[in-house]
Amino acid sequence: MSPFPSRDDAAAALIVRECGGDHDFPSDAGLTPTGTETDPTGETVNVRRNPCLRCGTVEVTRWRPPEPSAEAQTFIAVGTLEPPDPGDVPGVAERALRLTDQEYAAYLAECGYSGGVPADFAPDRRATATPQRLDLRVQVRAWQFALMGRHRSLGEIVPVPPYAESADLMDAVPDAVLFWAPVEDGDLHLPVQISTADPGPDPSHDRYAEISCRFATGHVALRQLGGPALDLPPLPAGHGDYRLRFHTGASGCLLQIWHQPRTRSLTTEVS
């Protein structure tokens, strides 16, 4: 069974459903590649990703570029449609806030969860939650510590599975994020900010990375390799997707956590 759906998942699904098959793909995209991939034979393939302006569904076109020496510059392009990440669906945050309990319950039932949100999940407090800042000290071992669902095992992220998403300073799988700290072993002073919305990067740090992670229940803990878990307050939007931004630099470290539908990872040097 798929992970327990969040309100963001329901909102994204409704937006895509309301768009139907009449997608609004930009007509001037042409066949200028937006990236490349390697196909199963090891050949480079051009890729053009063209999202619908209304629902984010991605029109993906792939083609193998012709040899420069070929007399006829002809090629075959193959197009497919791919579902968007919730964070790439236009207006998903606003739609999630307008989602009625009836719409959410109907979507849960469609996904096989007719009993509603389990009672032991953290509540959705987006309407009332205020930003929190915690000043913590974390025991780092082999450059590492983790943020995980409260009752998950470190074996889910250590060692890092091959399917994990990476953002240079972080690796993530569902319900677990591994952080690469700037110290090999010892105490790390770690301020943690928890918000309902993006607080913005802290310019006093030299570098940061961002990654998305889905937390199954909204109850999480910082896990020290070889040390006790440090429980954090329940996440403000309950279960679902969150964005994590981990800062490092001469001014120390900072971890920001806020509710945001999942999207691509990011690493940035602060100028």
Side-chain angles (χ1 to χ4, degrees), residues 1-4 6 85 87 118 120-122 132-195 201-202 205-249 252-269:
M1 189 173 283
S2 59
F4 197 93
S6 68
D85 283 333
D120 60 344
F121 280 22
Q132 295 176 284
R133 182 182 175 97
L134 311 172
D135 282 304
L136 304 176
R137 301 202 72 85
V138 178
Q139 284 287 326
V140 175
R141 294 291 179 267
W143 313 98
Q144 300 170 330
F145 67 96
L147 177 70
M148 310 185 66
R150 189 169 292 173
H151 301 296
R152 305 298 257 195
S153 165
L154 274 171
E156 297 177 51
I157 192 65
V158 180
V160 178
Y163 57 85
E165 184 179 0
S166 177
D168 189 28
L169 298 174
M170 296 180 281
D171 295 288
V173 299
D175 223 22
V177 181
L178 184 71
F179 298 90
W180 297 90
V183 296
E184 182 175 5
D185 291 285
D187 282 351
L188 176 70
H189 176 226
L190 183 69
V192 178
Q193 294 178 337
I194 303 175
S195 311
D202 188 321
H205 295 77
D206 303 326
R207 183 184 185 200
Y208 66 84
E210 293 180 13
I211 207 164
S212 296
C213 186
R214 173 174 289 255
F215 292 106
T217 69
H219 295 293
V220 297
L222 284 167
R223 297 295 300 274
Q224 310 174 96
L225 277 67
L230 302 175
D231 289 344
L232 299 189
L235 295 178
H239 71 283
D241 294 314
Y242 287 82
R243 192 74 168 168
L244 295 94
R245 182 184 290 127
F246 184 45
H247 300 71
T248 62
C253 294
L254 169 67
L255 173 59
Q256 296 172 324
I257 306 168
W258 70 96
H259 168 256
Q260 179 178 304
R262 63 184 177 275
T263 188
R264 291 169 296 280
S265 57
L266 171 71
T267 302
T268 299
E269 300 286 342

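All heavy atoms count here, side chains included; hydrogens, waters and symmetry mates do not.
- A donor-acceptor pair under 3.5 Å links the side-chain atoms of Ser212 to the main chain of Thr263, judged by distance alone.
- Minimum heavy-atom separation, Asp206 to Gly249: OD2-CA, 3.4 Å.
- A distance-only check finds a donor-acceptor pair linking the side chain of Asp185 to the backbone of Ala142 [under 3.5 Å].
- In this structure the side chain of Pro191 never reaches within 4.5 angstrom of the side chain of Leu255, judged on heavy atoms.
- A donor-acceptor distance shorter than 3.5 angstrom exists from the side chain of His247 to the backbone of Asp202, with no hydrogens or angles considered.
- Judged by distance alone, the side chain of Thr267 and the main-chain N or O of Ala167 form a donor-acceptor pair under 3.5 Å.
- Between Leu230 and Gln224, the shortest heavy-atom distance links the atoms CG-NE2, 4.0 Å.
- Within a 6.0 Å radius of NE2 in His151, other residues, nucleotides and ligands contribute 12 heavy atoms or fewer.
- Contact detail for Val158 and Gln144: the closest heavy-atom pair is CG1-OE1, 4.4 Å.
- Side chain to side chain, Trp180 and Asp171 meet the donor-acceptor criterion of an N or O pair below 3.5 Å.
- Between Phe4 and Phe121, the ring-plane angle classifies as perpendicular under the 30° and 60° cut-offs.
- Counting only heavy atoms from C-beta outward, the side chains of Val140 and Phe179 never approach each other to under 4.5 Å.
- A pairwise comparison of heavy atoms in Val160 and Ala164 identifies CG1-CB, 3.6 Å as the closest pair.
- Between the CG atom of Asp241 and the SG atom of Cys213 there is a distance of 8.5 Å, given to the nearest 0.5 Å.
- Between the side chain of Tyr242 and the main chain of Ala237, a donor-acceptor pair closer than 3.5 Å is present.
- Side-chain atoms of Ser195 do not come within 3.5 Å of backbone N or O of Trp258 as any donor-acceptor pair.
- Side-chain atoms of Arg150 come within 3.5 Å of backbone atoms of Leu232 as a donor-acceptor pair (strictly under, hydrogens ignored).
- The closest donor-acceptor contact from the side chain of Asp175 to the backbone of Ala216 lies under 3.5 Å.
- For the atom pair Gln139 CD and Leu190 CG, the distance stands at 12.5 Å (nearest 0.5 Å).
- Using bins of under 30°, 30° to 60° and over 60° for the plane-to-plane angle, the ring pair Phe246/Phe145 lands in the perpendicular bin.
- In plain terms, the two heavy atoms of His219 and Ala122 that are nearest each other are NE2-N, 3.4 Å.
- Atom CZ of Arg243 and atom CZ of Arg262 lie 12.0 Å apart (nearest 0.5 Å).
- Glu165 has its side chain within reach of Ile211: a pair of non-hydrogen atoms, C-beta onward, lies under 4.5 Å apart.
- Rounding to the nearest 0.5 Å gives a distance of 8.5 Å between CG of Leu225 and CZ of Arg223.
- For the pair Gln193 (side chain) and Gln256 (backbone), a donor-acceptor distance under 3.5 Å is absent.
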Steps toward side-chain contact (heavy atoms from CB on, under 4.5 Å) verdict (Asp135, His189) | CA-CA 7 Å; Asp135 282 304; His189 176 226; 3.5 Å; yes
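- The one candidate from Leu154, Val220, Leu222, Leu178 that meets the side chain to side chain contact (heavy atoms under 4.5 Å, CB included) condition with Met148 is Leu154.
- For the pair His259 (side chain) and Gly240 (backbone), a donor-acceptor distance under 3.5 Å is absent.
- With values rounded to the nearest 0.5 angstrom, Gln132 atom CD is found 5.5 Å from Ile194 atom CD1.
- Between Val192 and Ile257 there is a side-chain heavy-atom pair separated by less than 4.5 Å.
- The heavy-atom pair separating Arg214 from Pro3 by the smallest distance is CD-CB, 3.9 Å.
- Residue Arg264 places its CZ atom among 12 or fewer non-hydrogen atoms of other residues, nucleotides or ligands, all under 6.0 Å distant.
- Counting heavy atoms from C-beta outward, Thr248 and Tyr208 have side chains that stay 4.5 Å or more apart.
- Ser265 OG to Met170 CE: the interatomic distance, rounded to the nearest 0.5 Å, is 8.5 Å.
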